> 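Take this structure, written in structure tokens, and hold onto it; I'll ask about it next.
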Amino acid sequence: MIISVSTRQAPDPAVLVERLRQSRMQHGVGAARQTLMTLAQRFPDDASLAELLAWHDERWWLPVRFGGITLTRQTAEDFGFVWSIALDQPFSSKFMTVPEGITPRDVLQDLTTHEYALIPERGAIHWVVGNSKQPIGLAMLVNINFRHRVAELRLGIMPGNRHPYAALDAVLAGLVFAFNSLGMNKVQARIASTNRRAIACCEKAGFVREAVMRQESWSVTPQSYEDLVQLSVLQPELAVRSEEHTSELQSRQYLVCRLLL
């Protein structure tokens, strides 16, 4: 579906977003972006169209590969895996985004929204973390702020995963995407102070501790409030080379060596 651009007045942004969602569902991201490009050319002075076009980047829907893992945008096809994580409350609580009492219908609706919603609607990108054979966790960039170029990275790798660098690769993949594709200047992470392995993983990836937020989060186990450690990494601190010029393994080795210097 291509939206008619014969009108002399730019379409209302709210109406356009809904029609773009329908276009993408029926014909794919390319068709929706082509519509946006046509409208932006017709109305070059319309700030909302220019902003929407900048947000609607095809690269945001492509898988992100790094080391031995791949980040793939969540879709309705991932329902079984995502629902299994939602049922594991001690694990899912680490994401701080899974409400109590969530139902299968809620999960399916959420996945469909993530699949077809434009970033301005949610300010978030959700991925399934996978190795060569199966999904092993979830990752997400939330609270994406394009004005201040700040986003928050959240990540969880299922226990028992045999990939020795899965968590580190997933963190680095998220950073590559945030800095190279989204143009962020700063990526933050908030992690329970008791989750020492996750904090150490982020620090290996270049994150620096900023603060401790006392009793910031309620933990399902052991039914108490937890302190959160806030960490962040700035784009200038992480000189990421494009994967077009180096292999995935070399990329990880280069980044890890650089960050540990």
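Positions are given from 1, in the same order as the sequence printed here. What you are looking at is a predicted structure, and each value in this text was computed from that prediction instead of being measured.
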> Strictly distance-based, threshold 3.5 Å: is any side-chain N or O of Arg149 a donor or acceptor partner for the main-chain N or O of Gly183?
yes
> Indicate yes or no: at least one non-hydrogen side-chain atom of Ser193 is less than 4.5 angstrom from one of Val212.
no
> Report the C-alpha separation of Val187 and Phe177 in whole Å, then their side-chain angles, then the decisive distance to 0.1 Å, and conclude whether the side chain to side chain contact (heavy atoms under 4.5 Å, CB included) test is met.
CA-CA 11 Å; Val187 176; Phe177 182 86; over 6 Å; no
> Can you find a heavy atom in the side chain of Pro135 that is under 4.5 Å from one in the side chain of Asp78?
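No; the side chains remain at least 4.5 Å from each other.
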> Under the criterion side chain to side chain contact (heavy atoms under 4.5 Å, CB included), I'd like the reasoning laid out for Ile157 against Ile69: C-alpha separation, chi angles, the key distance, then a yes or no.
CA-CA 11 Å; Ile157 302 296; Ile69 61 91; over 6 Å; no
> If hydrophobic clusters are built by linking Ile, Leu, Val, Met, Phe, Trp and Tyr wherever their side-chain heavy atoms come under 4.5 Å apart, do Leu108 and Ile85 end up in the same one?
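Yes, one cluster joins them.
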> Assigning hydrophobic clusters by single linkage (Ile, Leu, Val, Met, Phe, Trp, Tyr; side-chain heavy-atom cutoff under 4.5 Å), is Val176 placed with Val150?
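No.
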> Is it the case that atom CD in Gln109 sees more than 12 heavy atoms from other parts of the structure closer than 6.0 Å?
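Counting other residues, nucleotides and ligands, CD of Gln109 stays at 12 neighbours or fewer.
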> Tell me whether the count of non-hydrogen atoms from other residues, nucleotides or ligands lying under 6.0 Å of CD in Glu210 goes above 12.
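Yes, the 6.0 Å shell around CD holds more than 12 heavy atoms from other groups.
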> Would you name the heavy atoms of Phe179 and Leu234 that are closest together and state the gap between them?
CZ-C, 3.9 Å
> Within the structure provided, determine whether Arg154 and Arg190 are in side-chain contact (heavy-atom separation under 4.5 Å).
yes
> Calculate, to the nearest 0.5 Å, the distance between atoms CD and NE2 belonging to Gln22 and His27 respectively.
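Gln22 CD to His27 NE2: 10.0 Å, rounded to 0.5 Å.
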> What pair of heavy atoms forms the shortest contact from Glu237 to Gly206, and how long is it?
OE1-O, 4.3 Å
> In Å, rounded to the nearest 0.5 Å, how long is the span from CZ of Phe79 to CZ of Arg105?
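Answer rounded to 0.5 Å: 12.5 Å.
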> Taking all non-hydrogen atoms of both residues, which atom of Ala32 and which atom of Leu20 are closest, and how far apart?
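For Ala32 and Leu20, the tightest heavy-atom pair comes out as O-CD2, 3.5 Å.
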> Do side-chain atoms of Ser23 reach the backbone of Arg19 as a donor and acceptor pair under 3.5 angstrom?
no
> Mind checking the CG-CD1 spacing from Leu87 to Ile102? Nearest 0.5 Å is all I need.
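Separation between the atoms: 9.5 Å.
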> Can you find a heavy atom in the side chain of Leu175 that is under 4.5 Å from one in the side chain of Phe207?
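Yes, close enough: below the 4.5 Å cut-off.
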> Between CG of Leu49 and CZ of Phe43, what distance do you get to the nearest 0.5 Å?
7.5 Å
> Does Glu77 reach the side chain of Leu111, with side-chain heavy atoms less than 4.5 Å apart?
no
> So which heavy atom on Leu71 is nearest to which on Ala139, and how close?
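So the minimum-distance heavy-atom pair works out to CD2-CB, 4.3 Å.
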> Hey, mind stepping through Thr113 and Asp110 against side-chain hydrogen bond (donor to acceptor under 3.5 Å, both in side chains) and telling me if it holds?
CA-CA 5 Å; Thr113 300; Asp110 216 32; 5.1 Å; no
> Evaluate side chain to side chain contact (heavy atoms under 4.5 Å, CB included) for Arg73 paired with His114, printing each intermediate quantity in order.
CA-CA 8 Å; Arg73 289 288 294 268; His114 293 321; 5.7 Å; no
> What are the two closest non-hydrogen atoms of Gly67 and Asp169, and how far apart are they?
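Looks like CA-OD2, 3.5 Å.
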> Would you confirm whether Asp227, through its side chain, and Gln215, through its main-chain N or O, come within 3.5 Å as a donor-acceptor pair?
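Checked: pair present.
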> Distance check, rounded to the nearest 0.5 Å: Asp88 atom CG versus Met158 atom CE?
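CE of Met158 is found 5.5 Å from CG of Asp88.
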> Kindly work out whether a path of hydrophobic side-chain contacts (I/L/V/M/F/W/Y, heavy atoms less than 4.5 Å apart) joins Leu182 to Leu62.
no
> Do Met25 and Glu115 have side chains that get closer than 4.5 Å, going by heavy atoms?
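Counting from C-beta outward, Met25 and Glu115 never come under 4.5 Å.
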> Could you go through Val128 and Thr75, starting from their C-alpha distance and side-chain angles, then the distance that decides it, and tell me whether this counts as side chain to side chain contact (heavy atoms under 4.5 Å, CB included)?
CA-CA 9 Å; Val128 171; Thr75 69; over 6 Å; no
> So, taking the atom named CD in Gln235 and the one named CG in Asn180, what distance separates them when rounded to the nearest 0.5 Å?
7.5 Å
